[in-house]
Amino acid sequence: MLKLKKVSKFYYSKGMVATGFTKISLDFNIGEFVAITGESGSGKSTLLNVISGLDSYEEGEMFINGEETSHYSEKDYEIYRKKYIGNIFQNFNLITSYTVYQNVELVLLINGYKRKEVKDKVLNIIKEVGLTKYKNTKVSKLSGGQKQRVAIARCLAKETPVIIADEPTGNLDSKSAESVLKLLNEISKNKLVIVVTHNYEQVEDYVTRKITMHDGRVIEDTKLKETPKENTVQTANYKETTALNKLRLGIRNTFNIIPKFILLLMVYLFIVLSISGTYSSFQKGEYETAKEMYNPYFSNLNANKRIVLKKDNNEAFNEEDYEKIQKINNVDYILKDDLSYDREISVYNEYIYLYGSMVSIDLLEGKLDVGRMPENENEIVIYANENDWMISNMQDSIIDKEFQIEELRNPSNNEYYKVKIVGIKYKSTGYSTTYYVSNNMLENVRKNIYETENETTYTYANRTYTSQNGNINNEVRPNANVPKGEAYISSEKTYDCKYSKCINYDLNINSANKYFTNNLNLKITKEYNKNNMNKLLGLSYEENNGAVFINPEDYTSLFKGNIYQSSVFIKNDKLAKETENEIKALGYDTFYILDGVSEDIGTKIIRIAKLIVLSILIIVLFFISYFVIKLILKSRNVYFSTIRMLGSSSKTAKNLLDIELNMITNIAYVIFISLILIANNIEGALKFIKDLAEFLTIKEYIIIYIILIIMSYLTSTRYANKLFKKSAMTTIKERV
């Protein structure tokens, strides 16, 4: 059934050609127990490897059941080994981290048997070789004779027609050797058994044929006993390894050598922490930069914490609105009247000049560092950086001193509002100053803002004028000397009235913005001129001629409006989008400040640099990790070469490596995610882990996971390509 016709095997090394054996012609049949002998280096083991399909040949032809094999690829040899060959190796080639049972089971699992089909078969074979007592013992703990019996049991499990044994008794004592030879003799009754031995006397009582080799040639081929001619060759039940068996073996290989598992796990933890740490640091940098970026509409950003909102029907807010919004979990507090928050307001006296924004005293938390809380409406507290030299070193010139607000005037007397600073609270970050003021003062600020931002027009005598700050001729101004419901105009602006007299004419004033419109109907009762202006209004004609003067209360009513825009400040800015969506669901329009900051060219360059650095990092990590993993997996060369000798295809071996590295990758990722979750719930957790938890989103976690899986697959592929590029026999002797 097996025939060699002038077969030669050569080895090539560094330009030199060495002969394994030359022009060998032999026939082998079922039922033979053949012993191949000869001194070391005679080529007998090389011949065995060629017959086994573990090594190729360069010359001649080998026939298997009449089929030529010179054209065989590595895949063809894999099938050949599955169907025909069972090997018993001189050094056993057992998986020492497996038990006796697992070693025998392995050959059946990689040859496509289902696990439930193999249990009884494996136990019977183990019993046949006398190792039932050791079935759950790791092979590393067995004696040489016991290991050889395991190798024979594994060989028997394949049920192949050819058994090839290389020095099967070389490592055994005489008693164990005798037992092994008896077992092989029994096997040879219906199989072809070929044994290579340097101790022929040990086997001569059992063999039916003796072949002697010398210097790569057969010098003797003697038939010692007649054997029945067996025409039918029963090949092994050949199947592809099932996906479930691959998964089972891959998982077993992941954990069966603990030091290897720990080392690989550390490599993948290093990879995931390196990638996530670098990505997180870039995200943190972008985040910190974004907080300081410019927005043309909102000067006091707090970009990462602030969501501006209005009602989608442009109606004013009421307390019911604020109660609904405050119930959202991530809402810290609501700045109801936020118009003053985005205005730089100057508070000054002859010694000190301060800039800042105004918010309600109701939002002040914690204790003051200097002074006391306000008791009167014109008393305020300032919140400033502790490193602000002017404030921290001139407290005596600030506390209980009167200041005036440059941007805010009292319409009743047209004078600037006066305030007294009674307390100071310091902060360690941020250099903007905040004034905590009474709600009444905030309302006046809002009116003042409406005054400057509303479009105000007035009409009399069928002519409409637009009031513009800085243009005296058209301005509407408050004056306490004007009675309610009346208006005083300049005698120089009466040309549209009958006989140039506008007394008792109606004057309509309209003040409007995008939220509301206020109308005021007045009666013109006086005309002022150069001679009477000071007496009527207490003002100089030269500085005020052309303006329309009305009562301060009437003036205030023009700009009196409810609150149409508020700001929500959130606790956790990583949940900003979720919080924004919850607010929208309640019927409000929202704008998250961080979405509207203006990026400069520097920020865009940094973002491009981030992608480049991350790409380079991933490539460098891949090669570093591959080098380390290659060193760790060196011990696995024997495993993968062994399963190929037992009938596994290179593809199956690669799949097992894929599963093993994938398992470790997933475990490393689960540990990484667990660290993130723990860091989110433990005070004082490592800052590095805290930053990862804070600056990575679900999208980034998914991207990092995909990168890890791809790196794991590429590592496995690169390693497998190098490991399986040659024959199984060659790779077991090499290191990748």
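The figures here come from the full heavy-atom set of this structure, side chains too, leaving out hydrogens, waters and symmetry mates.
Taking CG of Asn531 as the start and CG of Asn534 as the end, the distance is 11.0 Å to the nearest 0.5 Å. Atom OH of Tyr351 is separated from atom CG of Asp396 by 12.5 Å, given to the nearest 0.5 angstrom. Taking NZ from Lys526 and CG from Asn532, the interatomic distance works out to 8.5 Å, rounded to the nearest 0.5 Å. Taken to the nearest 0.5 Å, the CG atom of Leu621 stands 6.5 Å off from the CD1 atom of Ile271. Distance check: Ser360 OG to Ile334 CD1 gives 12.5 Å after rounding to the nearest 0.5 Å. To the nearest 0.5 Å, atom CG of residue Asn513 and atom CD of residue Glu451 are 13.0 Å apart.
No donor-acceptor distance shorter than 3.5 angstrom exists from the side chain of Asn508 to the backbone of Thr459, with no hydrogens or angles considered. In this structure, Asp554 contributes its side chain and Ile550 its backbone to no donor-acceptor pair below 3.5 Å. Glu379 contributes a side-chain N or O that, together with a main-chain N or O of Asn376, makes up a donor-acceptor pair within less than 3.5 Å. With hydrogens and angles ignored, the 3.5 Å screen pairs a side-chain donor or acceptor of Tyr435 with a backbone N or O of Ile345. No donor-acceptor pair closer than 3.5 Å links the side chain of Asn314 to the backbone N or O of Tyr515. Checking side-chain atoms of Asp337 against main-chain N and O of Arg446 turns up no donor-acceptor pair under 3.5 Å. Judged purely by atom type and a 3.5 angstrom limit, Asp369 uses its side chain to pair as donor or acceptor with the backbone of Tyr426. Under the 3.5 Å distance criterion, the side-chain polar atoms of Ser438 are matched with a main-chain donor or acceptor of Met441. Between the side chain of Asp388 and the main chain of Met390, a donor-acceptor pair closer than 3.5 Å is present.
Put simply, the residue from Lys336, Lys310, Lys311, Lys327 that forms a salt bridge (Lys or Arg N to Asp or Glu O under 4.0 Å) with Asp321 is Lys311. Screening Tyr564, Phe516, Phe559, Tyr555 against Tyr450 for a ring-ring contact (aromatic ring centres under 6.0 Å, His included) leaves a single residue, Phe516. Here the rule is ring-ring contact (aromatic ring centres under 6.0 Å, His included) with Tyr322, and of Tyr588, Tyr333, Phe317 only Phe317 fits it.
Centroid-to-centroid, the aromatic rings of Tyr701 and Tyr669 stay 6.0 Å apart or farther. Aromatic rings of Tyr341 and Phe569 (six-membered ring for Trp) have centroids within the 6.0 Å cut-off, being under it.
A heavy-atom distance below 4.5 Å is not found between the side chains of Leu309 and Asp589. The shortest distance between side-chain heavy atoms of Lys401 and Ile352 does not fall below 4.5 Å. Counting heavy atoms from C-beta on, the side chains of Ile509 and Asn519 never come closer than 4.5 Å. At least one side-chain heavy atom of Leu537 sits under 4.5 Å from a side-chain heavy atom of Tyr528.
Ring-plane geometry between Tyr465 and Tyr458 is classed as parallel, the angle between the planes falling under 30 degrees on a 0 to 90 degree scale with a further cut at 60.
Looking only at atom types and distance, the side chain of Glu486 has a donor-acceptor partner in the side chain of Thr525 under 3.5 Å away. Side-chain contact annotation: Tyr488 with Glu527, donor-acceptor N/O pair under 3.5 Å absent. No side-chain donor-acceptor contact under 3.5 Å links Gln404 and Tyr417.
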> Should Ile399 and Met394 be marked as a side chain to side chain contact (heavy atoms under 4.5 Å, CB included) after you check the CA-CA gap, both sets of side-chain angles, and the distance that decides it?
Replying inline: CA-CA 9 Å; Ile399 296 297; Met394 299 185 69; over 6 Å; no

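Ionic pairing of Lys571 and Asp332 is not present here: no N-O contact between side-chain nitrogen and carboxylate oxygen is shorter than 4.0 angstrom.
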